[in-house]
Amino acid sequence: MTALETIRAALAQAASRLGASDVEVALERPRDPTHGDVATNLALTLAKKLGQKPRAVADKLIAGLELPAGLVRKIEVAGPGFINFFLADAQVVSALPAILSAGANYGKTDVGHGATFNVEFVSANPTGPLHVGHGRQAALGDAIAALLEWTGWRVSREFYYNDAGSQIMNLARSVQARIRQARGLPAEIPEQGYQGDYIREIAERYIAEHPQDNEGADLEAVRRYAVRELRAEQDRDLQAFGVKFDVYFLESSLYTTGKVEETTRRLVAAGHTYEKDGALWLRTTDFGDDKDRVMRKSAEKGSDYTYFLPDVAYHVTKWERGFHHALNVQGSDHHGTVARVRIGLQALEMGIPQGYPEYVLHQMVTVMRGGDEVKLSKRAGSYMTVRDLVEEVGRDAVRYFYLMRRGETHFVFDVDLAKSQTDENPVFYVQMAHARMVGIYRVAGRDPASVSAAGVDLSVLTQPEEADLIKELADFPAMVQGAAAAREPHRITGYLEGLARIAHAWYHKYRVLGEPEEAARLVLARAVQQVLANGLSLLGIRAPERM
RNA sequence: GCGCCCGUAGCUCAGGUGGAUAGAGCAGCAGCCUUCUAAGCUGUUGGUCGGAGGUUCGAAUCCUCCCGGGCGCACCA
């Protein structure tokens, strides 16, 4: 039982003695160190229920508190009625052996109890290369998946390919047009077609590899070829970015397995559909939508399903594949689909919870270079791709930058800052802190992995910076848990920057080697290095041993 | 018009699920190099939390309205 858990339990018991049983005891680490190491607002929340003044309740709670000896060195009531706990020095220092023995697992918890969790992200249509917006999504999705894994979920990373819709036909016709142009035949890119240079390149390769159809007459073959090429291209980009998916789910499979038909039948059977103007509609207004939605188009529009139905069918497969927790990372420009997918699942009346699936939406990305915005025009086919970015600034910096801001904010990617090798660059700053800790061991001629706290007198770590550092390290598991629960990886980058700052300050102010405190400080340096490494690896960023 | 997101220091942004005197980096100002990496560190200036109400012991955080910016509102995906 950790110090925190002990305090929590003791408070709950003291509260029940005052006649308040089953209370939620909230503990927090105060921002202001003069407010102690652990604080609770329990007396404030109980005051009303008990009809007494908060500070009086606090005094009574403290009087009824049974804590083991040696845990805290001071307890005080402060402000409107907060109870502040000051941990004994031995308690603070005891975090270090725990960190070293947990090693690469330090920070992991088991709130998920090994239950499965499906995280879908990127899911770009195979109609072009991955652009900088997809990059943000790849970084976010992968980091959220990792956060869930760190908190005990069994995560499956999933990529959904829309390889069956009308956009794919646009792609095929665009490539076909380029093939014909390359052969000197009259042809034009369709109205909604794709203009980029990559289309021309695919056309040229198609001609080279299809001597029997070098005018692209076989549209279906062109389509298959273009999709395959673009998927391979996207896979290479994702690989360069260090993102791996467990499942690639093809929209087309929903048709070949009959899942779309089946979902349609179920919706009809559930009684929420009707026909109007030759189309099949779902009465989404029954579930709070502002208008009903078409499921299957009328004959004159081609009798195709709209995108909506395969989306619903797809999420049915997630549920049926056993994923009772599912999260989709999407650009906020698709937020309109959120309610509709959920409504579709509700209309099936098959016991899927209302908030399923969960969504994390993120805003757009703009790229700045030399103080100017890099203009992106999809129409003209001028792209800034993920690969361009990775090649220019490096994988680690790209990932870190994508993750250091909340997803809800519009993100400005500063290429110059990301490339800079100075402390203004946060990823550099954090990696440098890690390299420095390793550097101490290098100079000492010791293998960091062999360090243990056994037999080391840690009580000599008495400097204020050392206590700060240790408390920060002890915070890591709670940080990870909070970031996972909120699906907010940026909390981890913020934490790492804060930890790096304290570590740099400590490193600068105190020496390790050759000091009386050497053994204990080596343990501390090792613990700092371990936590930095764990945080970085969680985010998919390397922790270099030297820079 | 309707829906979602955003508005916090000169700039870029945090603010751990309602807590104590609103924080950090950069920029500015004042300092620190015989050192395990100065690729660094220390100190300091700077705020009408877009605005107005409300909820309560307590609001940047929750509710309502308004202002400003982004995105979305198809038998496109």
Would you mind telling me which of A/E545, A/R526, A/M437 makes a side chain to side chain contact (heavy atoms under 4.5 Å, CB included) with A/P448?
-> A/R526
Does any N or O donor sit under 3.5 Å from an N or O acceptor when you compare the side chain of A/S332 with the base of B/rC4?
-> no
Side-chain-base donor-acceptor pair under 3.5 Å for A/D333 and B/rG72 | no
Assign A/K48 to base, sugar-phosphate, or nothing according to its heavy-atom contacts below 4.0 angstrom with the strands shown.
-> sugar-phosphate
Determine the interatomic distance between C1' on B/rG46 and the same-named atom on B/rA30; round to the nearest Å.
-> 15 Å
Evaluate whether the aromatic ring of A/F82 and the six-membered ring of the B/rA20 base sit under 5.5 Å apart, centre to centre, with an inclination under 30°.
-> yes
If you count the non-hydrogen atoms of other residues, nucleotides and ligands that lie under 6.0 Å from CZ in A/R442, is the total more than 12?
-> yes
B/rC73, syn or anti by chi within 90 degrees of zero = anti
Apply the ring-ring contact (aromatic ring centres under 6.0 Å, His included) test between A/F401 and each candidate in A/F411, A/F428, A/F413; give the one that qualifies.
-> A/F413
Glycosidic conformation of B/rU17, taking syn as within 90° of 0 and anti otherwise = syn
Is there ring stacking between A/H490 and B/rA14, where the centres must be under 5.5 angstrom apart and the planes under 30 degrees?
-> no
Would you indicate what A/F411 reaches in the nucleic acid, counting non-hydrogen atoms under 4.0 angstrom: base, sugar-phosphate, or nothing?
-> nothing
